[in-house]
Protein chains: 2
Amino acid sequence: MTDVSPDLLFKALADPSRRALFERLCMDGEQTVGALTAGAGISQPAVSKHLGLLKQAGLVLDRHEGRQTHYSAQQRALAPLVDWTGRMNRFWEARFDDLEDLLKRMDQ
Amino acid sequence: MTDVSPDLLFKALADPSRRALFERLCMDGEQTVGALTAGAGISQPAVSKHLGLLKQAGLVLDRHEGRQTHYSAQQRALAPLVDWTGRMNRFWEARFDDLEDLLKRMDQ
DNA sequence: GACACTCATAACTATCTGGTTATGAGAAAA
DNA sequence: TTTTCTCATAACCAGATAGTTATGAGTGTC
């Protein structure tokens with residue numbers, strides 16, 4: 001529930017297989033490991049490991065039901081990423097404003 | 001100028017040293033390799049390599065002036081990231097709306 | 001021209017990482 | 001209970017990667 005560092009998020013999403021799994025969960029909703037393995041081009045243990053990392057990064061939740069595990073995307077998880085990009089853009093705009101101010105002053 | 005794949009962006013930003021360099025460029029504006037090396041806890045060649053990757057990912061620009069190279073953050077570079085996170089959230093919300101619809105129908 | 005400075009590249013190394021196969025644990029089915 | 005199914009973990013391997021030192025290329029300075 002508590003926010004995860006951007007570092008974990010970036011690392012988790014840097015791998016294409018992992019990002020693809022997360023995208024599928026976002027698009028199609030909760031799915032079992034078996035369903036996710038079908039369609040991912042990698043073995044079931046590889047999928048499980050990736051899901052483990054995604055879970056550790058707070059990007060997915062797991063739910064055990066009988067002998068299968070259902071994974072789902074955790075919506076709020078991307079918030080730190082949005083915050084980070086927003087912050088970077090804001091820095092940029094701040095410097096841009098400074099430049100504008102400078103130009104205005106030079107104009108007078 | 002043309003948009004870069006989210007893959008390159010995520011990979012470039014997944015490394016802490018690289019992300020720190022980019023953040024400094026966003027916060028403080030254009031800087032030389034020397035200035036960036038001071039403060040990064042790593043050697044100058046390491047910094048140069050990271051800057052090379054950031055440039056390849058479209059995150060920074062370089063400008064040669066005499067014997068020094070000035071790097072700056074490229075503002076629009078984060079756009080694909082913003083798009084991607086937005087898309088993921090939109091998927092999520094769409095499924096949420098479906099659920100709402102379902103609940104509404106069940107309610108009738 | 002000789003020297004100093006700034007950065008990029010080369011070459012190398014240790015560690016990380018993403019994949020594999022083999023296997024074990026737990027739950028349903030027979 | 002035995003078997004089958006689903007997933008996670010263990011053990012291992014090959015390639016990627018982030019760092020290092022050494023050096024070269026290009027530019028200003030003396």
Side-chain angles (χ1 to χ4, degrees), chain A residues 4-25 28-74 81, chain B residues 4-25 28-74 81:
Chain A
V4 176
S5 73
D7 191 64
L8 261 178
L9 287 180
F10 275 118
K11 278 203 162 69
L13 294 171
D15 182 71
S17 304
R18 228 147 35 214
R19 205 167 51 251
L21 287 171
F22 179 71
E23 287 173 356
R24 284 183 60 189
L25 289 176
D28 307 331
E30 186 182 79
Q31 291 179 64
T32 68
V33 175
L36 289 169
T37 298
I42 53 181
S43 65
Q44 171 266 314
V47 170
S48 278
K49 257 204 291 189
H50 284 309
L51 290 171
L53 280 183
L54 287 173
K55 179 182 169 188
Q56 201 178 331
L59 286 164
V60 301
L61 295 176
D62 59 347
R63 179 175 68 82
H64 298 277
E65 180 180 328
R67 55 186 169 187
Q68 38 197 3
T69 310
H70 299 255
Y71 281 88
S72 56
Q74 171 124 24
L81 267 197
Chain B
V4 176
S5 72
D7 191 64
L8 261 178
L9 287 182
F10 276 118
K11 278 202 162 71
L13 294 172
D15 181 72
S17 303
R18 226 142 43 210
R19 205 167 51 252
L21 287 171
F22 179 72
E23 288 173 353
R24 283 183 60 189
L25 289 176
D28 306 332
E30 186 182 80
Q31 290 180 64
T32 68
V33 175
L36 288 169
T37 298
I42 54 181
S43 65
Q44 172 266 314
V47 170
S48 276
K49 258 205 291 189
H50 283 310
L51 290 171
L53 281 184
L54 288 173
K55 179 183 169 186
Q56 202 179 330
L59 286 164
V60 301
L61 295 176
D62 59 348
R63 176 176 69 82
H64 298 278
E65 181 181 328
R67 55 187 168 186
Q68 38 197 0
T69 310
H70 298 255
Y71 281 88
S72 56
Q74 170 125 26
L81 267 197

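Every chain is numbered from 1 and lettered A, B, ... according to where its sequence line falls, protein lines coming before strand lines.
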Separation of [N] [atom2] from [X] [atom1] (nearest whole Å):
X	N	atom1	atom2	value
A:R63	D:dT6	CZ	P	16 Å
A:H64	D:dT6	NE2	C1'	12 Å
A:K55	D:dT9	NZ	C1'	14 Å
B:Q31	C:dC7	CD	C1'	16 Å
B:L21	D:dA18	CG	P	12 Å
B:D7	D:dA16	CG	P	14 Å
A:R19	C:dT17	CZ	P	16 Å
A:D62	D:dT9	CG	P	10 Å

If I take atom [atom1] from residue [X] and atom [atom2] from residue [Y], how far apart are they, to the nearest 0.5 angstrom?
X	Y	atom1	atom2	value
B:K49	B:S17	NZ	OG	11.5 Å
B:F22	B:L54	CZ	CG	8.0 Å
B:L51	B:L61	CG	CG	12.0 Å
B:T37	B:H50	OG1	NE2	10.5 Å

Is it the case that the side chain of B:R18 and the backbone of B:L13 share a donor-acceptor pair, with hydrogens and angles ignored and the cut-off at 3.5 Å? no

Taking B:R24 for its side chain and B:L36 for its backbone only, find out whether a donor-acceptor pair lies under 3.5 Å.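 Between the backbone of B:L36 and the side chain of B:R24 there is a qualifying donor-acceptor contact (under 3.5 Å).
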
Exercise. State, with a plain yes or no, whether a side-chain heavy atom of A:V33 is found less than 4.5 Å away from one of A:Q68.
Key: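 They are not in side-chain contact.
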
Take A:Q74 and A:V60 through the side-chain contact (heavy atoms from CB on, under 4.5 Å) test and state the conclusion after the steps. CA-CA 5 Å; A:Q74 171 124 24; A:V60 301; 5.9 Å; no

Open item on the list: If you compare every side-chain N and O of A:R18 against the phosphate oxygens of C:dG18 (OP1, OP2), does one of them come in below 4.0 Å?
Closed with: yes

Counting just side-chain N and O atoms, does B:Y71 come under 4.0 Å of either OP1 or OP2 of C:dT6?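 So the side-chain polar atoms of B:Y71 never come under 4.0 Å of the phosphate oxygens OP1 or OP2 of C:dT6.
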
**Prompt:** If you look at every heavy atom in B:P16 and A:D7, which pair is closest and at what distance?
**Reply:**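 Here B:P16 and A:D7 meet closest at CG-OD1, 3.6 Å.
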
query = Looking at residues 37-54 of chain A, who's got a heavy atom less than 4.0 Å off DNA chain C?
reply =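 Hits under 4.0 Å, by residue number: A:I42, A:S43, A:P45, A:A46, A:K49, A:H50.
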
Which pairs, protein N/O on one side and nucleotides 26-30 of chain D N/O on the other, fall under 3.5 Å?
residue: D:dT27; atom: O2; partner: B:R67; partner atom: NH1; Å: 3.4

Heavy-atom nearest nucleotide on DNA chain C for B:A35 versus A:K11: which residue maps closer to 5'?
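It is B:A35, whose closest nucleotide lies nearer the 5' terminus.
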
